[in-house]
4 protein chains.
Amino acid sequence: MTKHPDPIQTMLVAARRTQILDAAITVFSEKGFHRATIKEIARVAGIADGTIYTYFASKDEVLLAVLDRLNETTERGQQFVLGDEQDLKAFFRAYLQQRMALLWPNAEVFRAVLPELLVNGELRRQYYEQVLAPTIAVGEQFFQAQNEQLQITIPLTVRAIAGTLLGVLLLQLLGDEVVASQWEALPEVLTALFFDKVV
Amino acid sequence: MTKHPDPIQTMLVAARRTQILDAAITVFSEKGFHRATIKEIARVAGIADGTIYTYFASKDEVLLAVLDRLNETTERGQQFVLGDEQDLKAFFRAYLQQRMALLWPNAEVFRAVLPELLVNGELRRQYYEQVLAPTIAVGEQFFQAQNEQLQITIPLTVRAIAGTLLGVLLLQLLGDEVVASQWEALPEVLTALFFDKVV
Amino acid sequence: MTKHPDPIQTMLVAARRTQILDAAITVFSEKGFHRATIKEIARVAGIADGTIYTYFASKDEVLLAVLDRLNETTERGQQFVLGDEQDLKAFFRAYLQQRMALLWPNAEVFRAVLPELLVNGELRRQYYEQVLAPTIAVGEQFFQAQNEQLQITIPLTVRAIAGTLLGVLLLQLLGDEVVASQWEALPEVLTALFFDKVV
Amino acid sequence: MTKHPDPIQTMLVAARRTQILDAAITVFSEKGFHRATIKEIARVAGIADGTIYTYFASKDEVLLAVLDRLNETTERGQQFVLGDEQDLKAFFRAYLQQRMALLWPNAEVFRAVLPELLVNGELRRQYYEQVLAPTIAVGEQFFQAQNEQLQITIPLTVRAIAGTLLGVLLLQLLGDEVVASQWEALPEVLTALFFDKVV
DNA sequence: AATGAATGAGAATTCATTCAT
DNA sequence: TATGAATGAATTCTCATTCAT
């Protein structure tokens, strides 16, 4: 009858949820949301089918929780602090490095949710508002501070850059091995691409 | 008993296939491949469920045919010919304009197949080899002709640019309205981003 | 508007029915009644699906017509006439020879209808009355004429002999190669089995 | 998490399988394999459709399990031991009695599988090898021991006798009421038929 | 009469979810 | 809480039958 939040209980619940979400991400990214079955997620998590329903109301809720994890990671990444980089180029490179380092370990989570994201309006709205919009806003503020003139193109420019990050991740997910093998060189290349002349 | 290809017959078959594929793209983009049912595709196409199986062996084959349509469109786009643009920048802008004009009407087709692409290895391989790899190869040749020095970064640079195209398309699919409303301005913005200094 | 039976017309119809039934027997015995499709029967017959329905009201009717053919063949066989065999044993051998020679070419027809016969009451009744009962009746009359004493066992004895014929056919259909390869020796062996002492 | 075979669990599983197989045999014999639906088997078994798939991978597997049951019964019958019958005729009568007593309760199982047996190569091979071939082999050994001279006809003679058993069963399945009502008299009649002179 | 595309009822199978133990 | 057997709605696919040409 105790309604007081028992700290040990809370931790156990969190641990179980993590265990289930890890399994879900694995299975979702291998098979996609629909081909993934509760049975297999349970198997990978080492628990019984029914147990998942003690922690999540439905399969959809599991997906939402995976998305939440992606959001949380991104939010943590949002707290980007400028080091003592001297110039804009150096700053940009550092920013890219951090963002892409964040993207890499989340690639499979991304693969797990993207399909549903593209197709499920509610999920898409949630992802856009919680992950993309803030990222883009940060970028817009940044450019606005730097550049007072070309304000009209700033929104598109920021989206182009954000798009590039999404795009190279997508290329990797689609099987491009150059991107996969040289992921760490990308910040440098992108910085050069954006800040130096192409030719 | 005639086995000779009857031209009228061939056209009727092509028309029916088109009718079914149009419906499939609509439903796939709205609901995703798995939530889309043959019943609904048939309803949208205005035919009976079973009729789809006269033209496609399975639901998977319908998806493959949708992907093929994407491929064909891309191939047509591959036959890009330089006008009399004076400099590289102008050429690049023209190239982007053409590519993005191609991407726009295919956005929904892309939304329809991308989810499965991420998750279905065979489909992914086919898409990568037939669509992405040629596009990237064209870009690499182009840069190689222009620039003999920075060869090591060329592959990544080309992928960054290709990724940017994919990325902005993805942003639009994820609900970004700035990209959607200013799609036509993107070639100019991207050209500026890549060829002029950012700031 | 002519209702007069046109003899040429009648022959054409009969020829088409034969063509279809031949195809049906082939496909039924290969795949069984249910796995056989009208499409395949039509293909084997070299006509279009729909055409079958000009000659038969339904797939069931095709099966009934196959059964009819079996019946007709049997009836023809019923008109067994005693040659000038001297003794009972010789007569019996001759009878078996004739019956089994009849059974052999009909084995596939038998394979085609037996499954449905076992399971479809109406079909079974029809087959029993038109084929089995007369055959058994002939046997009973024969034995009655020979043997006045053991009347009680005659019905069972006749059925045992009829059963033996059915049974060896079934063995062959079930893949027994000895029966298949020595089919023609069976009348002799059976006569010996029934008329001589086993050991 | 225990993978040790839990005896209670094992029994429950066996009971459910039996329950499903009993229902399957009933429905198969009534309607034949193809007209029988999983829905109806489930209804007869008093469970939900889906439950069948917890115990059998497919409808085909259900049929195979029915066949297995037939095999097991037959194998048990194979362990025929001679009592103290004095002569061959008495032995043969006892053998027939035992075989036919075995056949009778399995008649419906036989009706359930025979149609598919005739038409499904793999099933047929399995049945022939596991049921018929051993039975025939036993018979051949038996005759060989008795009779050294007429070896050439032994294989056919044994098949004729085996065929007689199959054949009278088939007659019964095809609706013959004399065989059905006097089943128990058959061993005596057959023994007389084979060991005494017909007339 | 012949054709074969179109139809849609019906079947096997899957799997999220429930619930008795 | 954990379990996993049971459930049955939903889905893909098949195919006998129809009918416009």
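Chain letters run A, B, ... following the sequence lines, proteins first, then strands; residues in each count from 1. All of these numbers come straight from a predicted model, not from anything done at the bench.
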Between A57(D) and T54(C), which is nearer to the 5' end of DNA chain E once each is assigned its nearest nucleotide? T54(C)
Can you tell me how far C1' of dG4(E) sits from CG of L12(B), to the nearest Å? 13 Å
What pair of heavy atoms forms the shortest contact from Y53(D) to S58(D), and how long is it? CE2-CA, 4.0 Å
Any base atoms under 4.0 Å from A36(D), or only sugar-phosphate, or nothing? Heavy atoms, all strands. sugar-phosphate
Would you kindly give the CD1-to-C1' distance between I8(D) and dT21(E), to the nearest whole Å? 12 Å
Give me the atom names and distance for the closest heavy-atom approach of Y55(C) to R17(C). O-NH1, 3.2 Å
Interatomic distance, I25(B) atom CD1 to L70(B) atom CG [nearest 0.5 angstrom]: 8.5 Å
Atom NE2 of H34(A) and atom P of dA16(E) are separated, to the nearest Å, by 9 Å
To the nearest Å, give me how far apart CZ (F33(C)) and C1' (dA16(F)) are. 10 Å
When both hydrogen-bonding distances must be under 3.5 Å and the geometry is Watson-Crick or G-U wobble, what is dA16(F) paired with, if anything? dT7(E)
Using a heavy-atom cut-off of 4.0 Å across all strands, would you classify F56(B) as base, sugar-phosphate, or nothing? nothing
Indicate, with a heavy-atom threshold strictly under 4.0 Å, whether I47(B) touches base, sugar-phosphate, or nothing. sugar-phosphate
Are R16(A) and I47(A) side-chain neighbours, meaning at least one heavy-atom pair lies under 4.5 Å? yes
Return no unless some side-chain N or O of R16(A) is found under 4.0 Å from OP1 or OP2 of dT1(F). no
Counting side-chain heavy atoms from CB outward, which of dA1(E), dG4(E), dG4(F) is closest to Y55(C)? dA1(E)
Go through dG8(E), dC13(F), dC15(E) for me and flag the one nearest to the A48(B) side chain. dG8(E)
Of T51(B) and Y53(D), whose closest DNA chain E nucleotide lies nearer the 5' terminus? T51(B)
D60(C) CG to dC15(F) C1', in whole Å, measures 14 Å
Paired with dT21(E) by Watson-Crick or G-U wobble geometry, both distances under 3.5 Å: which nucleotide is it? dA2(F)
Any ion pair linking R125(A) and E122(A) (charged N to carboxylate O, less than 4.0 Å)? yes
Quick one: does any side-chain atom of R111(B) pair with a main-chain N or O of V119(A) as donor and acceptor, under 3.5 Å? no
Whole Å only: how far is the NZ atom of K39(A) from the P atom of dG4(F)? 9 Å
Please report the distance, rounded to the nearest Å, between CD in E40(B) and C1' in dT12(F). 15 Å
Base, sugar-phosphate or nothing for R35(A)? Non-hydrogen atoms, less than 4.0 Å. nothing
Rounded to the nearest angstrom, tell me the gap between atom CD1 in I38(B) and atom P in dA10(F). 18 Å
Closest-nucleotide ordering on DNA chain F, the 5'-leading residue of T37(B) and G46(D): G46(D)
Under 4.0 Å from OP1 or OP2 of dG4(E): is there any side-chain N or O of Q9(B) that close? no
